[in-house]
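All chains are named by letter (A, B, ...) in the order of the sequence lines, taking the proteins before the strands, and each is independently numbered beginning at 1.
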4 protein chains.
Amino acid sequence: MAPVTRQSAPDPNRRNEQSRAAILTAAAELVAELGFAKLTIEKIAARAGVGKQTIYRWWPSKGAVVFDAFLAANENASGSLALPDTGDLGEDLRTLLRLTALELADPAFDRTGRALTAEVLTDPALLAEYRERLLDPLLAVTRDRLRSAREAGQLRADADLDLAVELLYGPLHYRWLHRLGPLDAGYADQVVAAVLGALGPAGD
Amino acid sequence: MAPVTRQSAPDPNRRNEQSRAAILTAAAELVAELGFAKLTIEKIAARAGVGKQTIYRWWPSKGAVVFDAFLAANENASGSLALPDTGDLGEDLRTLLRLTALELADPAFDRTGRALTAEVLTDPALLAEYRERLLDPLLAVTRDRLRSAREAGQLRADADLDLAVELLYGPLHYRWLHRLGPLDAGYADQVVAAVLGALGPAGD
Amino acid sequence: MAPVTRQSAPDPNRRNEQSRAAILTAAAELVAELGFAKLTIEKIAARAGVGKQTIYRWWPSKGAVVFDAFLAANENASGSLALPDTGDLGEDLRTLLRLTALELADPAFDRTGRALTAEVLTDPALLAEYRERLLDPLLAVTRDRLRSAREAGQLRADADLDLAVELLYGPLHYRWLHRLGPLDAGYADQVVAAVLGALGPAGD
Amino acid sequence: MAPVTRQSAPDPNRRNEQSRAAILTAAAELVAELGFAKLTIEKIAARAGVGKQTIYRWWPSKGAVVFDAFLAANENASGSLALPDTGDLGEDLRTLLRLTALELADPAFDRTGRALTAEVLTDPALLAEYRERLLDPLLAVTRDRLRSAREAGQLRADADLDLAVELLYGPLHYRWLHRLGPLDAGYADQVVAAVLGALGPAGD
DNA sequence: TGGTAACCGAGACGGTACGTCGAGTCTTGGC
DNA sequence: GCCAAGACTCGACGTACCGTCTCGGTTACCA
């Protein structure tokens, strides 16, 4: 697993793996305890039992460290990034969006998720990394499920899969970000129904 | 136009209007020049020719100042927050979303918009203010247009208007935030078509 | 009492006298405890209960602070910089040089004195300050005593007073600095005898 | 030529002579370019093309390296440490002190000399080394010249030679260190005259 | 119509964290 | 086992801003 953004020079494999792990662990703990804004490089270094320079040597910014910590934790989990495929598209999408809504609604995720989103929003390099390592794989897997549904005749032949994906995730994300309302199973089902209504086979 | 959040005590109307304006102007300029992260209260004060205390007296945080500056600039514009109503819902929504897409795609808006979104994302008080003064009015006005369309039979009688609004704005916002693809008229039209397909009168 | 070297800008009498005193006291204590080399600005600030910036605002270097502390302590003492004048030059000079030798031999003075000398040696600005505030007055007062002795016929009419002063203090300083031998009353008396032998009235 | 102070363990004669020379050369160059204070072990190592550890292995401190470099350069020169002996003490001493004054007045020597003196002043081990390898031989040779003069009746029989030596070098050093006045032939002659006046054969 | 109280510009203050430098130690790979 | 290279922990550097706190000075309301 590579760091978020390579510093220009320093890098062979002389890197100390213990330090790297301690830093990511400390960053993860501290961002949960303090929030991103009150987090400092000095505190990460102290908690990790590491010199500040060792952080600056391998990461370009506080955001990059926290981000790397987040990805390191989530990449394994979503290694088994397998969507359900029962043959019933509606059921599978409801399962998917209900889980998504559940995660967004989880207060534990909320703090970290907002901090990360704020970073990613602002720093193009972090966004690229985030896309590459988390978001794009998720969207791809979703698109795949939709494609097989389209081939099975459960979506219109001319359905635009990118659009479909964004119609699914966009409204949830929008509601979450602006706290427009509850993120529950009912809402997930509504969104799925709308997407199926829009892109489902003609008569639906 | 009131400041974002009132400091506890100090505020008669002895407030110096020139200072207030100079501060907001300076904040707007500096956030454009430096970005939000490199902006500091001291720089705002220096640029505005104002003592730091004058800022701390009237605003609780850097975010609040910048935010106030942003709102001061945008509130007037959207004072005439009137959606088109030609009678043809599809046409009106296409106009609305095309304009929205255009704004999001504007590089000048991008930097400021991302900075503000990052702040709003992280600070609940700012989010509340943002909701109250910009977002909610926009959503309300959109919902109103949809309601009149529903009454005119251009939407299903049981169409959920909140859902409809989020189906319209959510995908655009999602695509913008993650830079998933171009934000152009074509995409706006696709989203509108999908929403009409989902919530339009039964046979569509 | 002015600081060693004025920083360019920060100006007036807005200066906090309490902080100034606390800094000088802390510096004096710490240089005695740790020696000059192990002394740091951070430790001075911590001991004085003062922000680092307050030190950097008013002094250009660690050396300048310590130096100011030293001068502040010694200027008062030598305010009564009065040499004995019994009418007997030999006796008066022996008294003077014995005291000087005693001070140089004092281990408490040794550490501070060497640290200060090393600083003064290396930094022309500090040397100028040291000359102006401590050394020149001492030399002047010594020269005055010699002048009155010359007028009284206890020195040759053509005796060079600057030379005389350096003949008195130079050997003591040289012996002290290089630890060439004991600095005691006997040595002081020898030096005085030599100077009187060289510059005393012809027949002596 | 041995290093200033031996590190405890490592020293067989497996030592790399090329590295040693490169380090001393680099140190000498850098102390001239940057002065002692801005000199660092890392810069010496970089300039010499040597690992830091190689310096730490053989020298205990920055001061020791620079000092070793200084001695390495000066020991050869003063290997032929021979004072003139024309039979005329006054002439010989004038020659000696004029040369000494000239060296002290040389701006090129001034920087290095002050840096070294400051180190030697502060570090007892360096002072011992300096005494042993440079100063004591010089003083001894001077003392020898005075002794032969005393035996030739050019000094009083009871003249204290240590005192005489310090009377000669002390004033010059004192004037140099505190920049009290010009260090020229005239001043050298004055000092010599005074010493001869004080310690010369009875009648003058 | 003068007091007086608040705002205001300015900027010093005690702090926290920054990002960099160098110290001295340790590890790796080459000779 | 010395060496070049350089990563490591640690501590201090000097700077930037934080948010608080005086300082005059200048309004603007009240007696």
Once the angle between the rings of C/Phe109 and C/Phe70 is folded into 0 to 90°, is it parallel (under 30°), tilted (30 to 60°) or perpendicular (over 60°)? tilted

Please state how far atom CD1 in C/Ile44 lies from atom C1' in F/dA12, giving the value in whole angstrom units. 12 Å

Looking at side-chain heavy atoms only, is the closest gap between C/Trp59 and C/Ile23 below 4.5 Å? yes

Of the listed E/dC13, F/dC17, F/dA4, the closest approach to the B/Thr40 side chain comes from F/dC17

Ignoring hydrogens, what is the shortest heavy-atom contact between D/Val66 and D/Leu39? Give both atom names and the distance. CG2-CD2, 3.3 Å

Nearest-neighbour nucleotide for the A/Gln53 side chain, E/dA23, F/dC21, E/dT20 considered: E/dT20

Do B/Lys52 side-chain and F/dG19 base share a donor-acceptor contact under 3.5 Å? yes

Any A/Trp58 side-chain nitrogen or oxygen under 4.0 Å from OP1 or OP2 of F/dC8: yes

Beyond-backbone contact of A/Arg57 with A/Thr54, side-chain heavy atoms, under 4.5 angstrom: yes

Does this structure show an ion pair linking B/Arg47 with B/Glu33, if we count only N-O contacts that are shorter than 4.0 Å? yes

Phosphate OP1/OP2 of E/dG9: any B/Thr54 side-chain N/O under 4.0 Å: yes

Would you mind checking if D/Asp68 and D/Arg133 are paired as a salt bridge, meaning a charged N to carboxylate O distance below 4.0 Å? yes

In whole angstroms, how far is the P atom of F/dT15 from the CD1 atom of C/Ile41? 11 Å

Integer-rounded Å distance: F/dA4 C1' and D/Ile23 CD1: 11 Å

Length of the CD1-C1' vector between D/Ile55 and E/dG24, whole Å: 12 Å

Rounded to whole angstrom units, what separation is found between the CG atom of B/Leu34 and the C1' atom of F/dA16? 14 Å

Would you kindly compare A/Glu42 and D/Ala45 by the position of their nearest DNA chain F nucleotide and give the one closer to the 5′ end? D/Ala45

Which residue lies toward the 5' end of DNA chain E, D/Lys38 or A/Lys43, if each is placed at its nearest nucleotide? A/Lys43

Spacing between A/Asn16 atom CG and F/dG6 atom C1', to the nearest angstrom: 13 Å

Can the positive tip of B/Arg15 be found less than 6.0 Å from the middle of the six-membered ring of B/Trp58, inside 45° of the ring normal? yes

If you only use heavy atoms from C-beta on, which nucleotide in F/dC18, F/dG14, E/dC7 is closest to the side chain of B/Arg57? E/dC7

Quick one, give me the B/S/- string for nucleotides 26-31 of chain F, reading 5' to 3', where B means a protein heavy atom under 4.0 Å from the base and S means that only happens at the primed atoms, P, OP1 or OP2. -B----

Is C/Ser19 near enough to E/dA12 that one of its side-chain N or O atoms lies under 4.0 angstrom from OP1 or OP2? no

Euclidean distance, atom CD of residue C/Gln18 to atom P of F/dT22 [Å, nearest integer]: 12 Å

Roughly how many Å is it from CG in C/Leu30 to P in F/dA12, rounded to a whole number? 12 Å

Assign each of C/Val50 and D/Lys62 the nucleotide of DNA chain E bearing its closest heavy atom; nearer the 5' end lies the nucleotide of C/Val50

Only one of C/Asp110, C/Thr112, C/Thr117 passes side-chain hydrogen bond (donor to acceptor under 3.5 Å, both in side chains) with C/Arg114, and that residue is C/Asp110

